[in-house]
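The residues of the chain are indexed from 1 along the displayed sequence. In listed order, ligands and their atoms are each counted from 1. Hydrogens, waters and symmetry mates play no part in the numbers below; they use all other heavy atoms, side chains included.
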Amino acid sequence: MSVTAQTVWNNCLDFIKDNIQPQAYKTWFEPILAVKLSENSLSIQVPSKFFYEWLEEHYVKILKVALTKELGETAKLVYIIKMENTYGNKQPFTERIPSSNRSAVKAQDVDIPLNNKSPELRNPFVIPGIRNVKIESQLNPNYNFENFLEGDSNRLARSAGLAVASKPGGTSFNPLLIFGGVGLGKTHLAHAIGVDIKDKYPEKTVLYISAEKFTQQYIDSVKKNNRNDFIHFYQIIDILIIDDVQFLSGKTGTQDVFFHIFNHLHQNGKQVILTSDKAPVDMQDIEQRLLSRFKWGLSAELQSPDFETRVSILKNKLYRDGVEMPDDIVEYVAKNIKSNIRELEGAIISLIAQSSFNKKEITIELAKQVVEKFVKNTKREVSIDYIQKVVSDYFQMDIDTLQSKTRKRHIVQARQLAMFFAKKLTKASLASIGSQIGKRDHATVLHACKTVDNLTSTDKQFRKYVEDLSKKLSV
Ligand code: ADP
Ligand code: MG
């Protein structure tokens with residue numbers, strides 16, 4: 001076989017794939033195209049400058065090792081940065097809004113179409129003028145990049161956010177989907193991006209809205225018979241930020257309208273930023289066509305911060321509030337509250353308050369009491385192993401039987417119940433639940449959850465199982 005850019009690059013990819021996280025591989029290597037090979041130099045095309053900088057910063061070593069293996073010690077890598085246009089190079093859009101709504105609108109000069117047919121539409125963000133509409137961005141200036149501290153847990157999401165803010169609609173990160181557990185900074189980061197864009201591009205229309213409010217507005221618009229105006233309004237936004245999109249799950253009408261709005265914005269090079277408490281693969285009851293759009297851009301995870309990051313977040317907070325606190329106390333709090341930055345901040349605030357109300361000195365003793373209260377109040381997460389043990393004990397079988405491949409009905413049901421409770425009581429993804437309960441895939445887990453839901457409402461005996469197990473598992 002002759003050596004081409006493609007074959008060389010494929011070999012490099014095989015090597016890289018074995019050496020880095022699958023998610024990182026998917027994000028940073030799959031989008032690369034091998035374009036040219038001349039002697040010892042390979043040219044690869046990357047989607048943006050940010051992308052190139054990220055590769056240089058994080059993957060240059062592994063790239064070098066891989067390429068040297070292929071082309072020898074004098075191997076060279078040349079990056080070609082693709083012109084960044086965000087639309088026109090994607091799959092064709094198959095669905096369109098009826099032509100009556102398709103009239104072109106410019107953000108700054110909008111004939112308010114809201115008035116002729118439907119006088120009562122009062123979008124809370126529109127302050128109607130004579131010809132211009134001004135849209136309040138709903139951003140919270142206190143959530144900015146400056147006080148969004150960087151750590152390993154958020155580096156990818158934060159950098160992607162910065163890249164999007166410096167070129168909204170002009171990077172391959174469209175949509176940018178930020179996902180992660182409760183209290184890890186999704187809302188903060190989403191605002192920070194919007195605030196930064198407003199700062200750099202004051203003429204752009206930015207709108208932050210929670211998925212819940214979006215849904216409410218949509219329902220109202222249907223009631224008042226001005227759904228089209230609702231769509232119109234969202235189509236003139238340049239940067240649309242929707243927080244907690246998991247809220248749309250099961251709400252097909254709202255998903256449908258969001259799908260149209262999304263397509264319109266994306267097609268016109270507008271930026272969409274979404275947050276969710278789950279990765280796209282774990283989102284339930286979100287239509288496939290919408291999920292596939294979520295995956296077009298970049299999904300970046302916010303993970304639990306490590307100890308150093310927790311300490312620096314706390315110190316930064318104390319500094320901004322002008323409060324001094326001994327290092328050992330800050331570290332004590334950071335050591336004991338791990339998985340939620342909101343709680344971390346809550347503990348420190350309550351510590352400050354306790355000490356100033358009671359005129360007590362802030363001591364380790366006091367810190368212990370406060371932290372204990374916080375940790376106690378947070379429901380402890382049960383483990384999947386524990387769930388499997390409780391379920392198999394309840395049905396008097398051992399865990400191996402529960403996990404086995406058998407199709408015997410009572411064993412299948414026990415397994416499905418274990419999966420159902422694992423989904424309900426832990427933050428584990430469907431895929432991870434499946435792999436821990438008998439090496440099944442995420443679709444099996446999803447199916448199990450649906451089956452349990454169905455049986456609970458149709459089968460009395462089964463409902464009793466669910467109730468008993470719920471009691472046993474409640475912590
Ligand atoms: P989520 O939306 O993911 O539930 P939030 O964005 O509301 O979380 O964040 C919870 C709290 O933690 C907020 O007060 C936020 O300012 C703070 N926070 C989160 N991440 C960081 C960070 N990297 N640096 C500083 N503060 C942070
Ligand atoms: Mg939030």
Residue pairs, two or more places apart or on separate chains, that pass salt bridge (charged side-chain N to carboxylate O under 4.0 Å, His left out) and touch residues 434-457: none

Going by salt bridge (Lys or Arg N to Asp or Glu O under 4.0 Å), name the residues that satisfy it together with Arg155, two or more places apart in sequence or in a different chain. Glu150, Asp152

Any donor-acceptor N or O pair under 3.5 Å, side chains Asn147, His188: yes

Phe230 and Phe214: CA distance, side-chain angles, deciding distance, side-chain contact (heavy atoms from CB on, under 4.5 Å) verdict: CA-CA 10 Å; Phe230 171 88; Phe214 179 86; 3.6 Å; yes

Both conditions, 6.0 Å and 45 degrees, for the charged tip of Lys251 above the ring of Phe247: are they met here? yes

I'd like to know if Asp244 pairs up with Lys213 as an ion pair, taking the criterion as any Lys NZ or Arg NE/NH1/NH2 lying under 4.0 Å from an Asp or Glu carboxylate oxygen. no

Within a radius below 2.8 Å of the Mg ion (ligand 2), how many protein N, O or S atoms are present? 1

Donor on one side chain, acceptor on other, Ser292 and Gln288, under 3.5 Å: no

Checking Tyr234 side chain against Phe262 main chain: does a donor-acceptor pair fall under 3.5 Å? no

Do the side-chain N and O atoms of Gln388 and Gln403 include a donor-acceptor pair separated by under 3.5 angstrom? yes

The protein residues that pass the under-4.0 Å heavy-atom test against ligand 1 are Tyr143, Asn147, Phe148, Leu149, Asn154, Gly181, Val182, Gly183, Leu184, Gly185, Lys186, Thr187, His188, Ile313, Ile341, Arg342, Glu345

